[in-house]
Amino acid sequence: ESVQITVLFAANYVGQFNETFHYKIVGFEEGRPSITFYGRVIGASYSISTNKIDFGNVSYGFLYSKEFEISNTSSIPFDYALTFKQDKSFDIREFSIRPSLGSVPKYSKQIIHVEFIPISVQTYEISLLIAGTKSEENYGSMKIYANCICPVISLSENVIDLGNLFIHHEYTTCVNLVDDSDFPAKYEFIEVDDESTHDMAISFVKYKGSLSPHSTFSAPIKVIPKQLGHLQLFRSIRIYGSNLPPIDYTIKCLCTGPNL
């Protein structure tokens, strides 16, 4: 006579398994029969729509985005985790992966969004690791490439002559920033609190912003002369990511009082 014993196996992790079970037979004290179950649990099969992401030439401080697709080609869910291989060549804050962790249902697809804001003028070559959430096994990796540049920005005029102005009256002028490159740029007016502010007050309608490629942007500035006579104000503009010194400009005028 024989007895059929049913064994149920539900795998939680991918990898090898080897389990031995011992039986106790009532009334039989010598020896304990055993049975061993062994094998290998495999994960879902998948494919990725590309083997690399190339952002090409990018401009410092601007947002760029790419996407790729994970396809689950098997009859079971595909659980994944996406992480970057850490090194000192980039800042983890420069990249965002959405969703970085998830499960793709059987015979389904998941679009992955990769966002990138470069904060270093350099060439990027980064590895994106693809791993399972139920094992320590890495399924593979994908390379991400980019070349970050900072365009050279100039001013149409470095000296702004406002002519004759009345004391304590507000006037508006403009600094014209020129971007002749194929890439956008970000600028910031450098605010200075020195003795020159006693001669002329200056304020910025928008003290920082961005320039479009092949464009000229007129940044408005408000000035109020506070002393009589010839006045000069020396200021600078910082271009984000640039290794060059800030761009200098001068505002000058002849400040007069009321004519009696």
Side-chain angles (χ1 to χ4, degrees), residues 52-67 84 86-98 100 112-126 128 143-162 170-194 196-197 200-224 232-252:
K52 67 177 180 179
I53 295 177
D54 192 350
F55 284 95
N57 291 326
V58 295
S59 194
Y60 182 97
F62 286 85
L63 173 65
Y64 296 87
S65 61
K66 293 278 189 180
E67 62 182 37
F84 288 102
Q86 283 294 306
D87 58 49
K88 296 182 179 180
S89 67
F90 74 101
D91 191 321
I92 192 64
R93 296 173 298 172
E94 295 178 276
F95 290 91
S96 173
I97 304 290
R98 298 183 292 108
S100 61
I112 307 297
H113 301 274
V114 182
E115 294 183 340
F116 174 42
I117 301 179
I119 57 173
S120 180
V121 177
Q122 64 166 345
T123 298
Y124 290 81
E125 183 177 340
I126 300 165
L128 177 63
K143 287 291 187 179
I144 298 179
Y145 300 96
N147 180 42
C148 178
I149 64 172
C150 178
V152 176
I153 305 301
S154 61
L155 300 181
S156 60
E157 292 180 316
N158 291 83
V159 178
I160 302 171
D161 191 345
L162 300 179
E170 183 181 86
Y171 298 87
T172 300
T173 185
C174 289
V175 174
N176 296 317
L177 296 98
V178 181
D179 184 352
D180 288 327
S181 74
D182 296 329
F183 303 94
K186 291 188 175 184
Y187 70 89
E188 178 184 8
F189 285 100
I190 301 175
E191 298 186 80
V192 178
D193 186 14
D194 57 14
S196 64
T197 57
M200 186 187 304
I202 180 173
S203 61
F204 307 101
V205 176
K206 188 178 181 181
Y207 79 95
K208 62 181 178 180
S210 60
L211 305 171
S212 299
H214 300 290
S215 70
T216 298
F217 177 73
S218 297
I221 297 176
K222 294 183 179 181
V223 297
I224 301 177
Q232 287 192 107
L233 195 69
F234 302 98
R235 291 294 184 267
S236 301
I237 302 173
R238 178 187 297 112
I239 305 301
Y240 288 0
S242 176
N243 293 324
L244 300 175
I247 306 171
D248 296 327
Y249 65 97
T250 303
I251 298 175
K252 67 178 184 177

Distance-minimising heavy-atom pair for Asp54 and Lys66: O-CE, 3.4 Å
Quick check against the 3.5 Å criterion: does Gln232 have a side-chain atom that pairs as donor or acceptor with the backbone of Thr250? no
Stepwise side-chain contact (heavy atoms from CB on, under 4.5 Å) test for Phe55 and Asn57: CA-CA 6 Å; Phe55 284 95; Asn57 291 326; over 6 Å; no
Can you name the residues that form a side chain to side chain contact (heavy atoms under 4.5 Å, CB included) with Thr197, not counting sequence neighbours? Asp193, Asp194, Arg235
List in chain and number order the residues that pass side chain to side chain donor-acceptor pair (under 3.5 Å) with Tyr240, two or more places apart in sequence or in another chain; answer none if no residue qualifies. Glu188
Any idea which heavy atoms bring Cys148 and Val121 closest together, and the distance? O-CG1, 3.4 Å
Nearest heavy atoms of Ser236 and Asp248, plus distance in Å: OG-OD1, 2.7 Å
Has Gln122 got more than 12 heavy atoms of other residues, nucleotides or ligands less than 6.0 Å from its CD? yes
Counting only heavy atoms not in Lys52, do more than 12 sit closer than 6.0 Å to its NZ atom? no
d(His113 NE2, Glu67 CD) to nearest 0.5 Å is 5.5 Å
In terms of ring plane angle, is the pair Phe189 and Tyr249 parallel, tilted or perpendicular, where the classes change at 30° and 60°? perpendicular
Applying side chain to side chain donor-acceptor pair (under 3.5 Å), name anything that partners Asn158, two or more places apart in sequence or on another chain. none
Would you name the heavy atoms of Glu94 and Ile119 that are closest together and state the gap between them? OE2-N, 2.9 Å
In terms of ring plane angle, is the pair Tyr64 and Phe116 parallel, tilted or perpendicular, where the classes change at 30° and 60°? tilted
Donor + acceptor pair across side chains of His214, Asp179 (<3.5 Å): no
Angle class for the Phe95/Phe90 ring planes (parallel below 30°, perpendicular above 60°, tilted otherwise)? perpendicular
Indicate whether the side chain of Thr216 and that of Asn176 have a donor and an acceptor atom separated by less than 3.5 Å. no
